[in-house]
Amino acid sequence: MSKPSVLGVMLGAPLTAGGAHYGAVQGPAGFVAALVGAVLLTAGVLGYRRVLVLRRRLRSLMPAAQRSPVAHLPSARRAATLAAYVNGVLVLLGLGGAGWLLYMGASWGAYDNSFGFAALVMGALLPFALGLAAASTVPELLRVVPAGARMGQALYGVFVCVASLMIAKGDGLLPRLVGAVIAVLALGAIALLGRCFRVMGGAAPRQGGGSPGAGQPGPGQPGFGQPAPAPGFGPPTSPPGGPHGPAPYGPPAPPAPRAGRGGLVLVLVLVLVAVLGGGGLYAVKEAGLLDGDDSTTTDVAESPQAPAYGVGGERRARWATGAPAPEGTAPEYLVGGDEDVVVHVTGTLVTGYDVATGKKLWDVEDRSGDFRTCAVSPTAVDHVVAVLMRRGDQGPCGFLVAVDVRRGKQLWSKGILGEGSGAGMGTATVRVTANSVVSGTQTAPVVLDARSGDVRWTGADQPDEDGEARSLRGLEVAGNSLVASYGDGLGGSTALRRFDLRSGRVTARPSPPKAPETPTPKDVLSVLSVEPLVVSLGDDTNADRFYFSRVGDAWKPLRTDAVEGVSARSGPQEGMVTDGLFVKAFTTDDRSLDVGFDTVVAAFDLESGALRWQHALHRDAGQVVLLPGTVGGAVRAVASDHDTGDQLYAFPLEDGGPVRGGRLTVDASLSGAPSGLNDLTGAVVQGERLVVRSQVDGTLVAFPFPSKA
């Protein structure tokens, strides 16, 4: 009977809670599931109450379940009171744990979906049941019933099991230390309750000795000086104060409870607590009352200053078209082609779309299937977009393709790595200038004619301290200057070289910055801007990087450590340099948000390295794409949100605070409309259009977006 009861409760509780949640927020089918769950829960509770009847009958035959024969002794009463306090701590832990889970469920997003709510209710039910079980032992202990101490020991054993799992499976030192502390405290409580049990007279009589009051009869007590009767033989004696004469059939059994009506009432109470309590917390969270001053509910209200920066007003999609990325072809890129074309590059495919209508204009594809994209020029210059590719999934990035975006024709293709070259540039990069395509080999930059693909020059190798050619890590171009970064891959030694873009002559050898920490062989020096010179240095395997600006002959470290937030990490964009500032979006952990991470946009003064301003957007899973250029002295951006979708922003460079602009909305009746805009993977401005890509459905969506305020 106990197994069906447990199954009824374990299945009924989450099904009732999850079904009721689904019925309230999704559709009436959830109430059917809630009804089935309520039936299972009712059956489980009624079955459990019948089990309680049998358990009480069995306990009535156990001496430890009766009031201790030494209850009159002060030591026994003190022991019982101490045990009651120890079990009272269990009550607080159990009920507090259940309340904590129900509260934290708001920040975990458990109230936002029916499965999460069902799991939360089931998880909260376990510590709640533990607290109720511990509470039931307190009245027993106050009556000096030793069995209450034994029950407390069993419940503390649950904590020992949990602590053992934390010690064995904990990720890191801190969880293991916490588990060890819990284990020590729980084992101490078990030992203390065991001592209380013995003092209350719950221990079995010791053979061959012992003092009166410790489980053996004393003088004047029945059986003193006489052999104890064998267990199970002879009529039982009547309890003190009871009627004279033996009971004919042993101790009277407790009356059976009326399980039906009482159990039904208990089930209804549990259902109401789960549904109304959890639903109430969900409603409170939705109203923002749990958030206080630091409300994490995404604020989508447009700022009054939005029109001054050209981001005011709701923007409705003009067109949407599917642009899925074939499986196994990541990464992908969205490129501004020219006034009339936007280019989407993924895997082996380069596709052009009409900016005004979204119509697919052309495809340029490697039909052999041997090549994969590893870098694309951020913009098309003079109608040319360049693509750097590799042969196969693991080959070096050493094959360039130029595409004319007006005609959708491949202009040329060129291998820039010789036969047998083991690797290409460390951080794959390709740039297009007025009439040149710039990329690099394993050890040197390469400049080609943008229209013909003819190689104009290849930079000379740059030797390290041992005379070996340094590895080219990355490059950046501006005007007639090209700055390349190098690393030897052994001890983190790095170098910078400035080239004349027209002749290939080295014009400067600025000393590289030194990271605050000891560089490792994986540290990569990347060039972010040429004028002014801005670089980043750090391990490519994680997002913790150091940023520096060149002021005269000295490097100024940018104070990225001042960015607020837990575990602030570099976002997907490297950032942009404008008006003496470096503006960048950082990803930060934020457990107060439903999804768990937010975006902080920060600006750093390039002269001093100081943090000029920073703004946390408080948007669930917020991703930000900074748009090129400035309007009205502000950087504009598109910010996504897990729940509210995409929205325009402006960040005044003089720190006037973030300006929320209009939201980007898609009419469901629009042909090719995506199911949502809550996962932003790219955005470009083309003419009078802002084109974004939503990863949810692999869709390109265009909105009206004037280039000037």
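Counting begins at 1 with the first residue of the sequence.
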* Asked: Looking at residues at least two apart in the chain, or sitting in another chain, which of them share a ring pair (Phe, Tyr, Trp, His ring centres under 6.0 Å) with Trp613?
  -> His615
* Find out whether Trp319 and Val691 are in side-chain contact, i.e. whether some heavy atom of one side chain is under 4.5 Å from a heavy atom of the other. => yes
* Any donor and acceptor pair, going by atom type alone, linking the side chain of Arg693 with main-chain N or O of Ala323 inside 3.5 Å? -> yes
* To do: Look at the side chain of Glu468 and the backbone N and O of Pro463, then say whether any donor-acceptor pair between them is shorter than 3.5 Å.
  => no
* **Test item: side-chain donor near acceptor, Asp461 and Thr443, under 3.5 Å** => yes
* Asked: Are Thr351 and Asp363 close enough that a side-chain donor and a side-chain acceptor fall under 3.5 Å?
  -> yes
* Smallest separation among heavy atoms of Leu475 and Met425, with atom names -> CD2-SD, 4.0 Å
* Asked: Would you call Val692 and Leu680 a side-chain contact if the rule is heavy atoms closer than 4.5 Å?
  -> yes
* Asked: Got a sec, which residues hit side-chain hydrogen bond (donor to acceptor under 3.5 Å, both in side chains) with Glu654, two or more places apart in sequence or on another chain?
  -> none
* Side chain to side chain, Val527 and Leu533, heavy atoms closer than 4.5 Å -> yes
* **No-hydrogen, no-angle side-chain donor-acceptor test under 3.5 Å, Thr665 and Glu314** => yes
* Are the ring centres of Phe604 and Tyr547 closer than 6.0 Å? -> no
* Sequence neighbours left out, what passes side chain to side chain contact (heavy atoms under 4.5 Å, CB included) with Ala428? Give chain and number order. => Cys374, Ala375, Leu388, Cys397
* Among pairs that include at least one residue of residues 341-356, which meet salt bridge (charged side-chain N to carboxylate O under 4.0 Å, His left out), considering only residues two or more places apart or in two chains? -> none
* Applying ring pair (Phe, Tyr, Trp, His ring centres under 6.0 Å), name anything that partners Phe548, two or more places apart in sequence or on another chain. => none
* So does Glu688 pair up with Arg318, basic N to acidic O under 4.0 Å? -> no
* To do: Please determine if Lys584 forms a cation-pi arrangement with Phe582, meaning its NZ or CZ atom is less than 6.0 Å from the six-membered ring centre and no more than 45° off the ring axis.
  => no
* **Arg390 side chain to Phe399 backbone, donor-acceptor under 3.5 Å** => no
* Can you name the nearest heavy-atom pair linking Val638 to Ala683, along with the distance? -> CG2-CB, 4.4 Å
* Report the residues that fulfil side-chain hydrogen bond (donor to acceptor under 3.5 Å, both in side chains) with Ser413, sequence neighbours left out, ordered by chain and then residue number. => none
* Looking at residues at least two apart in the chain, or sitting in another chain, which of them share a ring pair (Phe, Tyr, Trp, His ring centres under 6.0 Å) with Tyr353? -> none
* Asked: Is any side-chain N of the basic residue among Arg612 and Asp605 closer than 4.0 Å to the acidic one's carboxylate O?
  -> yes
* Asked: Got a sec, which residues hit ring pair (Phe, Tyr, Trp, His ring centres under 6.0 Å) with Trp457, two or more places apart in sequence or on another chain?
  -> Phe499
* Asked: Under the salt bridge (Lys or Arg N to Asp or Glu O under 4.0 Å) test, which residues partner Arg406, sequence neighbours left out?
  -> Asp404
Please tabulate, one pair per line, all N/O donor-acceptor pairs under 3.5 Å involving side-chain atoms of residues 504-513, not counting sequence neighbours.
from   : atom 1 : to     : atom 2 : distance (Å)
Thr507 : OG1    : Arg498 : O      : 3.1
Ser511 : OG     : Arg550 : NH1    : 3.4

* Please tell me if the side chains of Arg451 and Val384 come closer than 4.5 Å, counting only heavy atoms from C-beta onward. => yes
* Asked: Thr699 side chain to Gly322 main-chain N or O, any donor-acceptor pair under 3.5 Å?
  -> no
* With a 4.5 Å limit on heavy-atom distance, are the side chains of Asn435 and Thr433 in contact? -> yes
* Would Arg545 and Ser536 count as a side chain to side chain donor-acceptor pair (under 3.5 Å) if you check the C-alpha gap in whole Å, the side-chain angles of each, and the deciding distance to 0.1 Å? -> CA-CA 6 Å; Arg545 300 185 64 80; Ser536 68; 3.1 Å; yes
* Asked: Quick check: does any side chain N or O of Thr379 sit under 3.5 Å from a backbone N or O of Gly336, one acting as donor and the other as acceptor?
  -> no
* For Arg497, all residues meeting side-chain hydrogen bond (donor to acceptor under 3.5 Å, both in side chains), sequence neighbours excluded -> Gln462
* Give every residue pair that meets the salt bridge (charged side-chain N to carboxylate O under 4.0 Å, His left out) criterion with at least one member in residues 430-449, sequence neighbours excluded. => Arg431-Glu476, Asp449-Arg456
* Evaluate the side chain to side chain contact (heavy atoms under 4.5 Å, CB included) criterion for residues Val438 and Leu501: first the C-alpha distance (whole Å), next the side-chain angles of each, then the deciding distance (0.1 Å), finally the verdict. => CA-CA 9 Å; Val438 183; Leu501 186 61; 3.9 Å; yes
* Write down the atom of Arg660, the atom of Ala306, and the distance for their closest heavy-atom approach. => O-CB, 3.5 Å
